[in-house]
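See structure below.
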Amino acid sequence: MSSVSAYYNGKNVLITGATGFMGKVLMEKLLRSSPDVKAVYILVRPKAGQSMQERVANMLKCKVFDRVREDCPNFHEKIKPINAELTQPKLAISAEDEEELLTRINIVFHCAATVRFDEPLKHALQLNALGTQRLLELARQMQNLEAFIHISTAYANCIRKCIDEIIYPPPAEPKKLFDLIEWLDESIIEDITPKLLGDWPNTYTYTKALSEYLIQQEKGNLNIAIIRPSIVGASWHEPFPGWIDNFNGTSGIFIAAGKGILRTVIANNEAVADMIPVDVAINLTLAAGWYTAVHRPKNMLVYNCTTGGINPFFWGEMEQYVMSTFKRNPLEQAFRTPNAHLTSNYLINQYWITVSHKAPAILYDLYMRLTGRKPRMMKIINRLHKSMTLLQYFSTQSWDWSSENMNMLMSHLNTEDKKLYNFDVRQLHWSEYIESYCLGAKKYLLNEDMAGIPAAKQHLRKLRNIRYAFNTTLLVIIWRIFIARSQMARNIWYFVLRKEAKDFLMLMAIGDTCFT
Ligand SMILES: CCCCC/C=C\C/C=C\CCCCCCCC(=O)SCCNC(=O)CCNC(=O)[C@H](O)C(C)(C)COP(=O)(O)OP(=O)(O)OC[C@H]1O[C@@H](n2cnc3c(N)ncnc32)[C@H](O)[C@@H]1OP(=O)(O)O
Ligand SMILES: NC(=O)C1=CN([C@@H]2O[C@H](COP(=O)(O)OP(=O)(O)OC[C@H]3O[C@@H](n4cnc5c(N)ncnc54)[C@H](OP(=O)(O)O)[C@@H]3O)[C@@H](O)[C@H]2O)C=CC1
């Protein structure tokens with residue numbers, strides 16, 4: 001009998017960020033593993049011309065809900081969308097909705113955030129820090145709240161090398177920053193952002209560190225836990241192996257490498273690639289929700305949700321597994337044969353960027369122009385370089401996260417829960433996981449059918465022949481230019497030709513003698 005599943009049955013759960021990557025997996029698992037959950041309230045904003053209702057209706061059609069749709073066909077009736085905007089005062093929730101939440105909610109899962117590394121500081125502060133503070137304010141007034149679970153990131157304290165499961169001093173006093181963004185012109189905030197960030201690599205990690213501190217300061221009597229996942233990757237098992245729906249973290253890099261666009265990456269082969277499958281992070285989150293509500297630990301617990309200390313995996317290994325998967329299962333219409341390499345040397349990386357990224361992009365765009373089409377490869381390459389610059393902070397260093405609370409939580413699960421909410425990362429086989437991740441990216445992100453693999457292989461053979469023909473032509477042209485310009489080169493060339501001719505005639509003569 002599962003204690004965790006049983007706990008959620010009959011409960012009213014509130015999820016922020018339910019339309020996002022982790023939020024969807026959380027909602028799906030909750031509805032599937034606790035089919036008698038009373039209701040799942042989700043805070044949703046209207047977006048891109050779609051009303052909240054339209055967005056939710058479209059979201060529920062997603063593949064990620066196929067399993068729960070099959071197991072519980074009426075699961076959608078449990079979902080109660082609430083119009084909200086986390087950057088607005090009182091989260092822009094209507095008085096009527098607020099009343100409903102205050103009286104009903106038993107558990108809150110706070111997933112909403114901007115995860116962009118290049119988010120302007122003002123917006124990142126408004127959403128990640130101020131939004132969290134406002135949600136806490138709401139939660140403090142909830143009459144039946146049993147637990148509040150905040151999703152942070154393992155990199156919130158990335159300026160430290162060893163990260164324990166504690167709250168560290170914040171990079172700045174959050175209230176002072178909130179005052180600052182209130183009256184300071186946005187362009188001035190942009191100008192002083194690097195100074196404010198200090199050692200933090202981006203506004204994302206900076207504001208996530210602030211939100212952890214805010215929670216500690218303002219939790220009051222709430223029962224809170226903080227989950228810190230590292231790089232969240234495609235699902236390991238649930239709802240489907242390899243399920244992924246965005247280009248964040250490593251996903252976009254895998255695809256760019258698989259398409260043959262990305263050939264060189266700044267990364268340290270020996271540094272730990274701390275990746276956690278999304279279903280593992282969600283299993284831990286649900287188990288932590290149960291533990292926080294039922295066991296009510298005296299102190300707020302922080303769970304580092306990482307793999308490096310338990311089952312380490314390195315960027316160099318990742319390169320091998322990704323390349324080997326895409327060579328065996330190519331992506332359709334690749335730009336070039338997949339062949340990406342990691343280097344920690346800046347100059348070597350710059351060399352390959354020029355030779356393997358920019359030069360082919362320029363040639364391809366020239367070809368597109370000549371054939372009357374719109375050039376686009378250089379634009380893609382420039383975007384890729386911008387992403388790589390933002391990501392390299394994470395791919396060139398290793399961190400040590402302690403995982404005592406993760407182990408403690410596992411020891412509190414019964415046998416059934418250990419299976420149903422598996423977050424034992426010792427069982428992860430990285431080569432199998434990365435293969436399934438790459439295939440998931442092919443299927444779910446690019447909508448490519450596995451039946452198209454023979455055609456994709458044929459396309460790669462065509463690319464190889466084009467490369468051979470191109471390299472041979474280039475060699476001949478270079479040689480001809482060289483010969484035309486240098487007397488010495490001509491002399492060597494004629495000497496080689498004469499020697500070849502002499503050897504050939506001699507062979508003919510020997511052949512004649514033998515056969516007569
Ligand atoms: C071959 C071996 C590989 C080895 C790998 C080596 C190194 C990997 C390096 C590092 C990974 C470390 C990651 C650390 C994560 C830390 C964990 C966290 O806590 S953070 C959570 C994760 N957050 C992120 O990852 C955010 C990072 N992204 C950004 O900040 C921004 O996206 C950006 C990188 C600044 C790019 O911004 P830009 O405005 O240029 O683009 P958009 O994101 O708006 O995307 C526009 C559009 O394009 C689509 N897109 C993006 N990438 C691709 C792609 N590769 N292929 C196809 N399409 C892509 C994207 O979906 C958008 O589409 P749409 O407009 O329809 O939404
Ligand atoms: N993905 C990763 O690698 C990692 C993620 N995390 C953390 O996990 C959490 C979830 O991340 P992930 O699912 O990847 O992120 P996504 O970007 O996929 O989802 C973000 C969610 O937040 C919502 N949101 C954004 N802005 C607002 C707003 N102003 N008002 C209301 N809702 C808003 C989005 O809604 P909408 O659809 O309307 O945009 C979306 O549902 C975050 O807290 C993140 O910091 C931690 C470690 C790694």
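Predicted model only: the values in this text are computed from it and were never measured. Numbers here simply count residues along the sequence, with the first being 1. Every number for a ligand or one of its atoms is a count from 1 in the order of the listing.
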Just let me know how [X] lines up against ligand 2, side chain, backbone, both or neither, with a heavy-atom cut-off below 4.0 Å.
X	result
Y204	side chain
H110	neither
I151	both
R55	side chain
S152	backbone

**Q.** Ring center gap for Y303 and Y291 short of 6.0 angstrom
**A.**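 Between Y291 and Y303, which both carry aromatic rings, the centre distance is not below 6.0 Å.
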
**Q.** Check: W401 ring centre within less than 6.0 Å of Y155 ring centre
**A.**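 Ring centroids of W401 and Y155 are less than 6.0 Å from each other.
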
Using a 3.5 Å cut-off on N or O atoms only, is [X] in polar contact with ligand 2?
X	answer
L86	yes
M22	yes
T19	yes
N246	no
G20	yes
G17	yes
A112	no

Q.
Checking ring pair (Phe, Tyr, Trp, His ring centres under 6.0 Å) between Y437 and each of F254, Y321, Y444, W236, which is the one that passes?
A.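 Single ring pair (Phe, Tyr, Trp, His ring centres under 6.0 Å) partner of Y437 among F254, Y321, Y444, W236: F254.
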
**Q.** ligand 2 contacted by S230 (non-hydrogen, < 4.0 Å)
**A.**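 Yes.
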
Q) Is there a heavy atom in L43 that sits closer than 4.0 Å to ligand 2? A)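 No.
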
Q. Quick one: which of V232, L91, V44 has a heavy atom closest to atom 2 (C) of ligand 2?
A.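 The residue whose heavy atom sits nearest atom 2 (C) of ligand 2 is V232.
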
Q: Compare R45, H123, Q88 and give the one whose heavy atom is closest to atom 25 (C) of ligand 2.
A: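 Of the listed residues, R45 has the closest heavy atom.
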
Numbered atoms and elements of ligand 2 in range of [X], under 4.0 angstrom, heavy atoms:
X	answer
K208	42 (C), 43 (O), 44 (C), 45 (O)
L127	25 (C), 26 (N), 27 (C), 28 (C), 29 (N)
K47	36 (P), 37 (O), 38 (O), 39 (O)
C111	9 (C), 10 (C), 42 (C), 43 (O)

Check [Y] with [X], please: is the shortest side-chain N to carboxylate O separation under 4.0 Å?
X	Y	result
D118	K386	yes
E98	K90	yes
R228	E212	yes

(Q) Whether the side chain of N268 engages the backbone of S395 through a donor-acceptor N/O pair (distance < 3.5 Å, no angle test) should be reported. (A)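 No; zero donor-acceptor contacts below 3.5 Å.
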
Q) Which distance, rounded to the nearest 0.5 Å, do you find between the CD1 of I255 and the CG of L445? A)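 Answer rounded to 0.5 Å: 4.5 Å.
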
Q. With a 3.5 Å cut-off and no angle check, do the side chains of T16 and H110 form a donor-acceptor pair?
A.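 Indeed, the side chains of T16 and H110 share at least one donor-acceptor pair under 3.5 Å.
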
Q: Measure from NZ or CZ of K29 to the centre of the six-membered ring of Y421, then state whether that distance is under 6.0 Å and the direction lies within 45° of the axis.
A: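 Yes, K29 sits over the ring of Y421.
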
Q.
A cation-pi test, strictly: NZ or CZ of K63 under 6.0 Å from the centre of the six-membered ring of W243 and no more than 45 degrees from its axis. Yes or no?
A.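 Verdict for W243: no cation-pi partner in K63.
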
Q. Do the rings of F117 and Y204 sit parallel, tilted or perpendicular, given the 30° and 60° boundaries?
A.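 Rings of F117 and Y204: tilted, as their planes differ by 30° to 60°.
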
